[in-house]
There are 2 protein chains.
Amino acid sequence: MEPNTQKDSPLFHQNFPPLILKILQVVDLNVDEINTLMKLHNHPHSFDELTTIINHGAIHKKSYIVTEGWAYRYYDLNDGSRQIINFYLPGDIISPYALVMRKTPYCVDSITCLKVCEFEPEKLIELFVTQPRLNLIYGWLLGREDSMMAEQIVRNGRRSAYKSVAHLLLEIHHRLRIVDHAAEEAFPMPIAQHYLSNALGLSLVHISRTLRKLRVNKLIAVTPKTVSLLDINKLKEITEYKGYYLDQIKDINSIIENTMIDNSLQTTNMA
Amino acid sequence: MEPNTQKDSPLFHQNFPPLILKILQVVDLNVDEINTLMKLHNHPHSFDELTTIINHGAIHKKSYIVTEGWAYRYYDLNDGSRQIINFYLPGDIISPYALVMRKTPYCVDSITCLKVCEFEPEKLIELFVTQPRLNLIYGWLLGREDSMMAEQIVRNGRRSAYKSVAHLLLEIHHRLRIVDHAAEEAFPMPIAQHYLSNALGLSLVHISRTLRKLRVNKLIAVTPKTVSLLDINKLKEITEYKGYYLDQIKDINSIIENTMIDNSLQTTNMA
DNA sequence: CCTGCCCATTAACTTAAGTTAATGAAATGC
DNA sequence: GCATTTCATTAACTTAAGTTAATGGGCAGG
């Protein structure tokens with residue numbers, strides 16, 4: 001996790017935190033930008049498993065970059081049921097809107113032991129002013145979140161349990177793979193079935209039934225902490241999975257070149 | 001947030017487009033900022049009802065500010081079913097991520113005749129550079145969208161049809177009211193029941209049954225193009241409606257002031 | 001080693017919501 | 001004026017998913 005900006009080193013990729021890996025999937029970063037992003041990683045912190053990180057109704061204070069482990073955002077209803085809104089995997093930002101939103105309408109809990117880097121959302125402002133490309137990249141991260149939530153809405157609204165479960169597994173696999181946390185057709189899945197149930201709005205029993213069906217159909221294999229996707233192409237076909245919302249971005253340089261009216265402000269500020 | 005005399009004058013309200021009204025609900029704008037926002041409204045355009053505005057898979061080119069009418073974003077599945085992701089009402093921005101996202105994974109169609117103001121997403125960059133407060137306000141608009149989508153996920157995942165329908169009606173009423181398009185307990189609803197059905201992931205028949213139940217319980221009244229909320233407090237209680245995600249923001253001025261101070265201390269403040 | 005807890009599985013039964021279809025009520029068109 | 005279409009309603013029936021509950025496998029802790 002120590003900064004290492006030797007871009008030519010063969011270990012280059014291995015040394016970067018997952019957020020930077022994720023960004024490098026879609027756009028090149030220069031040394032300045034990497035340094036700036038590394039600075040956001042200056043305050044590592046660790047949460048135990050099953051710990052509340054952000055509480056419903058609290059004032060937004062910090063943002064967190066996940067570097068290791070799983071967490072999730074959820075909302076509890078009065079009847080005791082819980083709806084998971086999204087999962088946070090390595091490379092994701094918890095509370096990306098902390099800069100402007102006052103109160104968090106939702107809770108965030110860790111699932112596994114969670115390693116994060118805490119940053120003050122106000123840091124984003126100076127980051128954006130000095131590095132306009134990073135401003136756009138941050139916007140891309142937000143747009144990507146928007147697409148993932150839209151997918152979650154489609155899953156919950158109009159897909160059968162069978163397709164829903166398969167679709168979510170495909171997405172998690174895809175997201176983990178982008179940050180080098182999954183093999184070609186398997187990934188570590190440290191979450192119990194009740195998380196799937198609360199994410200997909202289904203009962204625990206029905207999740208169990210549905211996973212069995214997927215196992216019987218030789219589409220997945222599950223061991224206590226791993227999921228294997230045995231036939232990714234068939235899974236994608238069945239679920240109509242289209243993952244392109246996860247790894248596409250516009251050509252950032254041409255956007256900036258075409259619009260920069262006043263480049264003179266853009267002096268490098270690195271110390 | 002503070003009422004000021006100018007803001008309460010009827011003339012004041014009539015003259016601004018709904019996006020500005022929405023922003024003025026949570027933060028004061030100076031003349032410069034209002035002028036900048038007005039410039040974004042320089043290219044009015046009109047779409048007929050039931051027209052596709054953005055097509056699945058197309059390259060993002062334009063963004064649109066809705067000034068009048070309703071539209072919605074959706075995704076169609078192979079079996080012919082459609083899931084509505086969100087509605088666009090006056091004051092909303094269609095394609096707010098067009099600046100960075102390449103292809104739209106979803107479609108947007110008008111419901112009624114739709115008046116919009118088209119703007120090039122690249123315009124946002126110079127706007128942000130010259131008006132940092134507007135940069136934050138744009139971020140707030142995105143964070144608000146995020147909250148609304150989270151609510152949509154909770155509705156579809158863990159609420160009964162009865163609560164789901166009531167909750168959506170409350171939210172639409174709240175949103176319309178913010179931009180002066182709704183009375184205290186009634187609003188024009190130009191959308192047929194199949195939109196509700198596709199938004200909530202329920203069948204058309206079940207929407208009809210559910211609306212009847214709400215009518216019988218004297219909670220709503222419906223005429224062809226209007227919905228009346230007969231007992232808002234009871235509706236809020238039943239559905240656990242908490243609308244604060246729609247109209248809260250941090251104190252933008254203090255964010256900016258604090259960051260300028262941080263800037264000057266930046267070299268000493270980290271190691 | 002047992003004890004207890006968590007989690008997954010399976011079966012039996014229930015229910016909320018889906019489906020199909022018939023009817024009516026408006027709105028639209030000729 | 002009537003014909004056509006669209007939309008809402010209601011009833012009868014079906015089904016996917018929920019509920020309850022019993023069973024068993026791991027595994028942590030004494």
Side-chain angles (χ1 to χ4, degrees), chain A residues 48-50 70 77 79-83 109 111-113 155-169 188-217 220-228 238-239, chain B residues 48-50 70 77 79-83 109 111-113 155-169 188-217 220-228 238-239:
Chain A
D48 287 340
E49 56 179 9
L50 308 177
W70 291 43
L77 292 161
D79 67 359
S81 61
R82 169 172 295 187
Q83 177 63 44
D109 273 23
I111 295 174
T112 64
C113 168
R155 261 197 301 264
N156 288 3
R158 287 295 185 202
R159 285 189 218 262
S160 66
Y162 188 74
K163 294 181 179 180
S164 216
V165 170
H167 191 274
L168 178 57
L169 293 178
M189 174 107 162
I191 68 173
Q193 291 185 10
H194 72 260
Y195 290 106
L196 290 180
S197 125
N198 288 335
L200 298 172
L202 297 165
S203 72
L204 186 51
V205 173
H206 202 55
I207 290 287
S208 182
R209 283 195 282 248
T210 305
L211 286 172
R212 182 188 46 182
K213 218 167 163 185
L214 285 164
R215 282 198 315 268
V216 166
N217 291 346
I220 66 168
V222 184
T223 73
K225 296 217 177 303
T226 318
V227 174
S228 302
I238 290 171
T239 60
Chain B
D48 287 341
E49 56 180 8
L50 308 177
W70 291 42
L77 292 161
D79 67 0
S81 62
R82 168 171 297 185
Q83 177 64 44
D109 273 24
I111 294 173
T112 64
C113 169
R155 261 197 301 264
N156 288 4
R158 287 293 185 204
R159 283 189 219 262
S160 65
Y162 188 75
K163 293 180 180 181
S164 217
V165 170
H167 192 275
L168 179 57
L169 293 178
M189 173 107 162
I191 68 175
Q193 291 185 10
H194 71 261
Y195 290 107
L196 290 180
S197 126
N198 288 334
L200 298 172
L202 297 165
S203 72
L204 185 51
V205 173
H206 201 55
I207 289 287
S208 181
R209 283 195 281 247
T210 305
L211 286 173
R212 182 190 44 182
K213 218 166 162 185
L214 285 164
R215 282 199 314 268
V216 167
N217 291 348
I220 65 169
V222 184
T223 73
K225 296 215 178 303
T226 316
V227 174
S228 302
I238 292 171
T239 61

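Chain letters run A, B, ... following the sequence lines, proteins first, then strands; residues in each count from 1.
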Next on the checklist: Measure NZ/A:Lys225 against C1'/C:dA8 and give the value in whole Å, please.
Outcome noted: 13 Å

Item to check | From A:Thr210 atom OG1 to A:Leu196 atom CG, the distance as rounded to the nearest 0.5 Å | outcome: 10.0 Å

Checklist entry - B:Leu214 CG to D:dA8 P: how many Å, rounded? => result 15 Å

Next on the checklist: How many whole angstroms separate atom CG of B:Leu196 from atom C1' of D:dC7?
Outcome noted: 13 Å

Item to check | Rounded distance in Å - NZ (A:Lys213) to P (C:dT9) | outcome: 15 Å

Item to check | Any donor-acceptor pair under 3.5 Å from A:Arg158 side chain to B:Leu202 backbone | outcome: yes

Checklist entry - Roughly how many Å is it from CZ in B:Arg159 to C1' in C:dA17, rounded to a whole number? => result 18 Å

Checklist entry - Are any non-hydrogen side-chain atoms of A:Glu49 and A:Ile111 less than 4.5 angstrom apart? => result no

Next on the checklist: Are B:Leu204 and B:Gln193 packed together at the side-chain level, in the sense that at least one heavy-atom pair is separated by less than 4.5 angstrom?
Outcome noted: yes

Checklist entry - Does a side-chain N or O from A:Gln193 land closer than 4.0 Å to OP1 or OP2 of C:dC6, or not? => result no

Next on the checklist: I need the residues from residues 198-212 of chain B with at least one non-hydrogen atom less than 4.0 Å from DNA chain C; give them sorted by number, or say none.
Outcome noted: B:Gly201, B:Leu202, B:Ser203, B:Val205, B:His206, B:Arg209

Next on the checklist: Rounding to an integer number of Å, can you tell me how far A:Leu50 CG sits from C:dC6 C1'?
Outcome noted: 12 Å

Next on the checklist: Once rounded to the nearest 0.5 Å, what's the spacing between atom CG of A:Asp109 and atom CH2 of A:Trp70?
Outcome noted: 15.5 Å

Item to check | Main-chain N/O of A:Thr239 paired to A:Arg159 side chain as donor or acceptor, under 3.5 Å | outcome: yes

Next on the checklist: Please confirm whether the shortest side-chain N or O distance from A:Arg215 to OP1 or OP2 of C:dA8 is below 4.0 Å.
Outcome noted: no

